[in-house]
Amino acid sequence: MRARTLALAAATAALIAGSGPAAAQTKLTIMVFAGMQNLPLFAAQSQGLFAKRGLEVDIKVAPNSDELRNGLADGRFQVVHAASDNSVAMVEMAGADAKIVVGGDNGMNRLFVQPDISDIKDLRGKTVAVDAPNTAYAFQLYEILRSAGLEREKDYKVQVVGATMKRVDALLADKTLAATMLNPPFSLRAQKAGLKDMGEATKVIGPYQASAGFVLAKWGRENSDTLVKYLSAYVEGVRWSTDPKNKAAAIKLVSDNLRLPEEVATAGYGLLLAGMPKDAALDMKGFENVLALRTKHTGKPTKPAADYVDLSYYQKAIAGM
């Protein structure tokens with residue numbers, strides 16, 4: 001009896017002293033594009049939402065969509081958050097079995113042009129900047145120009161520049177680049193620097209599922225518990241970020257992580273709230289529009305929307321919260 005009492009006391013002392021064995025952390029490397037849409041991830045990190053679920057998450061910033069897609073396919077990243085069309089591109093262009101597992105925002109994309117452009121039709125004969133020529137926001141740009149009567153290759157040239165932060169720098173440095181799609185905070189920076197805002201993409205193209213989280217289907221099946229935990233933390237990060245009582249802390253988090261002036265972070269936060277659905281739910285109508293734009297601008301039909309999506313992990317995460 002005395003030995004049992006001593007053992008219990010020793011165990012209690014060890015716990016109080018914090019000398020017990022540390023819980024093992026499952027390491028994940030994810031890739032994202034820089035931008036306001038990452039606030040839920042910043043929140044999940046800063047509020048310990050990943051850590052309390054036994055996850056150690058390393059967030060990498062993508063220089064372009066090719067690196068993001070290739071890194072996921074190669075297993076260098078386990079989860080990526082980017083335009084949902086990048087997941088479709090992995091399936092259609094590279095034969096990878098990628099699956100969208102969570103939604104995100106509507107992109108908050110706006111068309112920006114050089115100050116001397118007064119009408120979209122003035123882009124005839126000009127060069128426009130894109131991340132990649134055959135995915136996502138490039139299709140948004142082509143559709144907006146098509147609606148103004150301009151056809152790709154015939155009426156304007158396309159130059160591959162890279163991620164949004166690179167495109168805004170490029171337009172400010174090179175006046176021969178006439179237009180590009182930008183989202184916050186880069187759209188706010190562009191406007192402040194004198195580039196002309198020609199309007200919101202969704203006003204022309206309709207509902208659009210921009211940011212989404214996606215994984216390789218095989219990795220998801222083999223790591224389903226980890227993926228559910230990750231999505232639970234992400235959704236909790238969304239809830240924290242959109243809770244009015246956390247507004248000041250969320251703006252500071254954005255400002256610190258993206259190195260933005262407070263007024264820019266505040267404006268970007270407002271735009272994110274407008275573009276982010278509850279719990280980052282996937283907008284299927286918006287995703288169907290993503291597929292329609294891909295078909296229209298590649299000439300190749302896609303599979304039904306459901307074939308690119310597996311929301312079972314997301315549904316399990318929501319059910320457990």
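- From K52, atom NZ reaches atom OG of S232 across 9.5 Å, with rounding to the nearest 0.5 Å.
- Contact of the L145 side chain with the I120 side chain is registered, since non-hydrogen atoms from C-beta on lie closer than 4.5 Å.
- Applying the ring-ring contact (aromatic ring centres under 6.0 Å, His included) rule to pairs touching residues 168-221 yields nothing, sequence neighbours excluded.
- No side-chain heavy atom of Q78 sits under 4.5 Å from any side-chain heavy atom of K27.
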* Stepwise salt bridge (charged side-chain N to carboxylate O under 4.0 Å, His left out) test for D155 and R152 -> CA-CA 6 Å; D155 295 313; R152 183 184 174 191; over 6 Å; no
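- In summary, the side chains of T135 and D85 do not present any donor paired with an acceptor at a separation below 3.5 Å, with no hydrogens or angles considered.
- Residues V102 and L311 share a closest heavy-atom pair of N-CD2, 4.3 Å.
- Atom CE of residue M198 and atom CG of residue L123 lie 7.0 Å apart, to the nearest 0.5 angstrom.
- Ion pair D119/K121 not flagged as a salt bridge, since none of the NZ, NE, NH1 or NH2 atoms sits closer than 4.0 Å to an Asp/Glu carboxylate oxygen.
- To the nearest 0.5 Å, the span separating CG on N257 from CD1 on I59 amounts to 8.0 Å.
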Q) Which is it for S65 and D131 under the side-chain hydrogen bond (donor to acceptor under 3.5 Å, both in side chains) test, yes or no, and what are the steps along the way? A) CA-CA 7 Å; S65 56; D131 169 23; 3.0 Å; yes
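- Every residue meeting the salt bridge (Lys or Arg N to Asp or Glu O under 4.0 Å) condition with K245, not counting sequence neighbours, appears here in chain and number order: D243.
- Residues satisfying the salt bridge (Lys or Arg N to Asp or Glu O under 4.0 Å) criterion with D197, sequence neighbours excluded, are R110.
- Expressed to the nearest 0.5 Å, how far CD of Q315 lies from CG of L231 amounts to 11.0 Å.
- Take F50 and apply the ring pair (Phe, Tyr, Trp, His ring centres under 6.0 Å) test, not counting sequence neighbours, and it matches Y230.
- Between M36 and L271, every side-chain heavy-atom pair lies at or beyond the 4.5 Å cut-off.
- Here the shortest heavy-atom pairing between S46 and L253 reads OG-CD2, 3.5 Å.
- To the nearest 0.5 Å, atoms CZ (F139) and CE (M181) are separated by 13.5 Å.
- One N or O on the side chain of R53 and one on the backbone of L49 form a donor-acceptor pair closer than 3.5 Å.
- In this structure, F287 and D283 have side chains that are not in contact, with every pair of non-hydrogen atoms separated by 4.5 Å or more.
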*When you look at F42 and L258, which way does the side chain to side chain contact (heavy atoms under 4.5 Å, CB included) test go after all the steps?*
CA-CA 10 Å; F42 300 154; L258 297 179; 4.0 Å; yes
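- At distances below 3.5 Å, at least one donor-acceptor pair connects side-chain atoms of D122 with backbone N or O atoms of S118.
- Smallest separation of non-hydrogen atoms from A212 and I100: CB-CG2, 3.9 Å.
- Surrounding CD of E262 are at most 12 heavy atoms belonging to other residues, nucleotides or ligands under 6.0 Å away.
- Between the side chain of D174 and the main chain of A170, no donor-acceptor pair closer than 3.5 Å is present.
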Report task. Would you please test L227 and V215 for side chain to side chain contact (heavy atoms under 4.5 Å, CB included) and show each step? Result -> CA-CA 9 Å; L227 182 52; V215 302; 4.2 Å; yes
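- Among all heavy-atom pairs drawn from P115 and G194, the shortest one is CG-O, 3.3 Å.
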TODO: Assess whether side chain to side chain contact (heavy atoms under 4.5 Å, CB included) is satisfied between L39 and L272, documenting all intermediate values.
DONE: CA-CA 9 Å; L39 175 56; L272 179 64; 3.8 Å; yes
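- A 4.5 Å side-chain heavy-atom check between L172 and R189 finds at least one atom pair inside the cut-off.
- The two atoms that bring A210 and Y137 nearest to each other are CB-OH, 3.3 Å, heavy atoms only.
- The shortest distance between side-chain heavy atoms of K99 and V309 does not fall below 4.5 Å.
- Residue pairs meeting the side-chain hydrogen bond (donor to acceptor under 3.5 Å, both in side chains) criterion with at least one member in residues 301-313, sequence neighbours excluded: E92-K303, E92-Y308, D310-S312.
- Within 6.0 Å of the NZ atom in K60, the count of heavy atoms belonging to other residues, nucleotides or ligands does not exceed 12.
- What you find for A138 and A132 is that their closest heavy atoms are CB-O, 3.2 Å.
- Side-chain atoms of Y269 do not come within 3.5 Å of backbone N or O of A248 as any donor-acceptor pair.
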(Q) I'd like to know whether F33 forms a ring pair (Phe, Tyr, Trp, His ring centres under 6.0 Å) with H81, so could you lay out the CA-CA distance, the side-chain angles of the two residues, the decisive distance to 0.1 Å, and finally the verdict. (A) CA-CA 7 Å; F33 283 103; H81 292 263; over 10 Å; no
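- A distance-only check finds a donor-acceptor pair linking the side chain of R294 to the backbone of N134 [under 3.5 Å].
- The same ILVMFWY cluster, assembled from side-chain heavy atoms under 4.5 Å apart, contains both L273 and V235.
- Proximity of a side-chain donor or acceptor of S224 to a complementary backbone N or O of G220 within less than 3.5 Å is not detected.
- Within the 4.5 Å cutoff, no side-chain heavy atoms of V128 are placed close to those of L177.
- A continuous path of hydrophobic side-chain contacts links M321 to W240 [ILVMFWY only; heavy atoms under 4.5 Å].
- The pair E143-R146 meets the salt-bridge criterion, with a side-chain N (NZ, NE, NH1 or NH2) lying under 4.0 Å from an Asp/Glu carboxylate O.
- Cluster annotation: V168 and L260 are assigned to distinct hydrophobic clusters (Ile/Leu/Val/Met/Phe/Trp/Tyr, side-chain heavy-atom contacts under 4.5 Å, transitive).
- When atom types are taken as modelled, the side chain of T127 and the backbone of V158 share no donor-acceptor pair closer than 3.5 angstrom.
- Below 30°, between 30° and 60°, or above 60°: for Y142 and Y156 the angle between ring planes is between 30° and 60°, a tilted geometry.
- Under the 4.5 Å side-chain heavy-atom criterion for grouping Ile, Leu, Val, Met, Phe, Trp and Tyr, L182 is not connected to M276 through any hydrophobic cluster.
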| request: Quick one: do S187 and N183 satisfy side-chain hydrogen bond (donor to acceptor under 3.5 Å, both in side chains)? Show the steps, please. | output: CA-CA 5 Å; S187 53; N183 57 14; over 6 Å; no
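- In this structure, S147 contributes its side chain and I144 its backbone to a donor-acceptor pair below 3.5 Å.
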Between Q159 and V130, does the side chain to side chain contact (heavy atoms under 4.5 Å, CB included) criterion hold? Intermediate values first, please.
CA-CA 6 Å; Q159 183 169 319; V130 300; over 6 Å; no
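- Distance NZ/K285 to CD/Q209: 14.0 Å, rounded to 0.5 Å.
- Within the structure, ring-ring contact (aromatic ring centres under 6.0 Å, His included) contacts touching residues 92-130 (residues at least two apart or in different chains) do not occur.
- Both L291 and V101 sit in one connected hydrophobic cluster of ILVMFWY residues. Membership requires side-chain heavy atoms under 4.5 Å apart, directly or through other members.
- Between D58 and I30 there is no side-chain heavy-atom pair separated by less than 4.5 Å.
- In summary, D97 and K218 do not engage in a salt bridge, as defined by a charged side-chain N under 4.0 Å from a carboxylate O.
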